[in-house]
Amino acid sequence: MIWALLFSGNQIYAQSKFRIACVGNSITYGSGLKDRLTESYPARLQALLGPGYEVLNYGVSGATMLKKGNKPYWKTPEYQQVMRSAPDLVFIKLGTNDSKQINRAEMPGFEADYKEMIRNFKGLSSKPRVVLLLPIKAFSDEKYGISGSYLKNSMIPLIQKIAYEEALEILDLYSLFADKEALLADKIHPNAVGDNFIALRLESFIKQQIKPLKSLSDKIKGPVQKDSFYGYESLKFSFQGHEARIVQPKKVAKGTPWIWRARFWGHEPQTDIALLERGFYLVYCDVAELFGNAESIRVWDAFYASLQKMGFAKKAVLEGMSRGGVYVYNWAAANPEKVACVYADNPVLDLKSWPGGKGQGPGNKESWATFLKDYGYQADADAMAFKGSPMDKIEAIVKGKYPMLHVCGDIDEVVPMAENSLPFAEKIKLAGGDIQIIHKPEGKHHPHSLPNPQPIVDFILKATGQ
């Protein structure tokens, strides 16, 4: 925190300014912009935050985190300026240039060099909050020697590992640019619109209402296994004989919000990661393969009760991918007052469609046999009278008055929309419910989610009042 002396008439008074140091490469510096002094993301962040803040641009074009890289940030005047700046917050956005082939031989030193820089910054007398920024997506494997595929497959997992081991906050700029190639004129550097996009994300992060995290590991009965979930601490344990997980954010958002994933742990995690960034918990209780029957609801009821004892928000954000749609909606139908919103992705909503295969889709014989067993049917003919799918529970679902969002591939070949989301949405609307569908015109059943999950995240933030 710095202090500026201001004069008003004959009065002199001091005003504190929150100082932010932006450490990075050419993207931070503002290379390629018409006026980097006003258009770079540090400059835009300054304009967004206003006079109570001082945002300093310490970007260096071509800089690497590697000490033995082709242009080490360590050897620049800007690094020394950061060390003298007494920052309250440091954003580190390095790694893009480390992906170059010329630097690959030195990559074994990347982790140690990154951790040393973090510790040097944290050791400053101002005791700054240090936040890691994942590199934005590079839409080329050749431009300037930067490799987009190496960034994704090697650099980003390594930075996430560092964030986990150093217990630091991390912001995923990579996914935020996954659908924004048009904002990178040369496939690498954002234009002014892109830089403003980064600044808006950083402003939102800075202004978010958060509280310190208190680990939940001591509130869980039995052994707890800790590991990293994309840079966040994951607590894995057994709950009534079922695998369960709680992933903890670095800081907790107001109201202690949480998202409950029903199935397919870790698959297409973009939304989960984005919500962890924003202070949500991520939870999971595996009730596969019970297809939303009474036993699965009983287990989830008990799991929900245990989370309430830990202080979680009363209402959950439910996330159901594919057959997970059955799990979330059947639980929601039984517990309408406990749901903040539902995000479903190519969801199964009629078990006779999948796994039954009684309509257009192929179904799945093995899963259909499991379904018959779960619900006590002896033969297919008996199951034709089944009325336990979400499609059959419209009135119970709309009682909760929570919004619903479906993300669907229009040519889903496994869970046909014509037998699932489309008739379900029509029935929900006729019953007075609130549902919207994001269509992926060329989308099949896979991949789930969106490369940039922002529309999903915005829906959830609005529904939870964040």
Side-chain angles (χ1 to χ4, degrees), residues 260-264 285-301 316 318-336 338-339 341-400 402-409 412-437 445 448:
W260 191 343
R261 177 175 276 240
R263 285 288 272 112
F264 308 112
C285 182
D286 190 359
V287 286
E289 194 67 78
L290 296 176
F291 288 112
N293 68 3
E295 174 61 11
S296 70
I297 291 173
R298 184 198 66 76
V299 173
W300 270 26
D301 283 346
L318 300 179
E319 177 184 26
M321 288 187 177
S322 191
R323 72 192 74 174
V326 174
Y327 290 81
V328 298
Y329 274 119
N330 278 9
W331 189 81
N335 298 276
K338 300 173 183 175
V339 181
C341 63
V342 173
Y343 154 50
D345 203 294
N346 286 335
V348 174
L349 300 166
D350 185 345
L351 287 163
K352 284 181 278 190
S353 170
W354 191 98
K358 306 308 178 184
Q360 300 174 11
N364 182 291
K365 289 184 179 180
E366 182 179 349
S367 294
W368 180 245
T370 301
F371 158 78
L372 294 176
K373 181 180 178 182
D374 286 343
Y375 283 91
Y377 292 113
Q378 300 300 315
D380 279 20
D382 299 329
M384 290 303 97
F386 177 69
K387 293 293 183 182
S389 292
M391 195 76 73
D392 306 310
K393 300 182 178 184
I394 301 299
E395 293 300 327
I397 289 169
V398 299
K399 281 183 181 179
Y402 45 80
M404 293 160 263
L405 172 67
H406 289 196
V407 176
C408 297
D412 188 329
E413 78 287 13
V414 178
V415 182
M417 281 189 72
E419 297 172 3
N420 292 274
S421 280
L422 291 180
F424 179 83
E426 183 178 353
K427 290 182 178 182
I428 289 289
K429 290 176 181 178
L430 286 173
D434 178 358
I435 189 169
Q436 57 181 296
I437 298 177
H445 192 64
H448 288 287

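Owing to the predicted nature of the structure, the values given are computational and were not obtained by experimental measurement. No hydrogens, no waters, no symmetry mates; every other heavy atom, side chains included, goes into these values.
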Mind listing the closest non-hydrogen atom pair of [X] and [Y] along with its distance?
X	Y	value
P416	S353	CD-OG, 3.9 Å
P347	N420	O-CB, 3.7 Å
C408	N346	CA-OD1, 3.1 Å
A383	W368	CB-CZ2, 3.8 Å
I394	A431	CG2-CB, 3.8 Å

Set of residues satisfying ring pair (Phe, Tyr, Trp, His ring centres under 6.0 Å) with respect to [X], sequence neighbours excluded:
X	result
H445	H448
Y327	none
Y375	F371, F386
Y343	none

Counting N and O atoms only, with roles assigned by atom type, does the side chain of [X] sit under 3.5 Å from a partner on the main chain of [Y], one being a donor and the other an acceptor?
X	Y	result
R261	F264	yes
N330	G388	yes
W300	C285	yes
D412	M417	no
K338	A316	no
Y402	I397	yes

Going from [atom1] on [X] to [atom2] on [Y], what distance comes out if it is rounded to the nearest 0.5 angstrom?
X	Y	atom1	atom2	value
I297	N335	CD1	CG	7.5 Å
L351	R323	CG	CZ	10.5 Å
N293	R298	CG	CZ	10.5 Å
Q360	E419	CD	CD	4.5 Å
I437	M404	CD1	CE	11.0 Å
I435	C341	CD1	SG	12.0 Å

| query | Can H406 and I428 be said to form a side-chain contact (heavy atoms from CB on, under 4.5 Å), step by step? | reply | CA-CA 12 Å; H406 289 196; I428 289 289; over 6 Å; no
| Will you find, in the side chains of N364 and S367, an N or O donor that is under 3.5 Å from an N or O acceptor? |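 A pair is found: one side chain offers a donor N or O, the other an acceptor, under 3.5 Å apart.
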| With sequence neighbours excluded, residues passing side-chain contact (heavy atoms from CB on, under 4.5 Å) with D286 |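 Partners of D286 by the side-chain contact (heavy atoms from CB on, under 4.5 Å) criterion, ordered by chain and then number, come out as E243, Y284, A288.
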| field | Listed partners of D380 passing salt bridge (charged side-chain N to carboxylate O under 4.0 Å, His left out), at least two apart | value |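 If we apply the salt bridge (charged side-chain N to carboxylate O under 4.0 Å, His left out) test to D380, skipping adjacent residues, the hits are K358.
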| said: Tell me whether E295 at atom CD has more than 12 heavy atoms from other residues, nucleotides or ligands lying less than 6.0 Å away. | reply: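 Atom CD in E295 is packed in, count exceeds 12.
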| task | I would like to know whether R263 and M321 meet side-chain contact (heavy atoms from CB on, under 4.5 Å); could you show each step before the answer? | result | CA-CA 7 Å; R263 285 288 272 112; M321 288 187 177; over 6 Å; no
| request: Apply the test side-chain contact (heavy atoms from CB on, under 4.5 Å) to residues L349 and S421: give CA-CA distance (whole Å), side-chain angles for both, the deciding distance (0.1 Å), then the verdict. | output: CA-CA 7 Å; L349 300 166; S421 280; 3.9 Å; yes
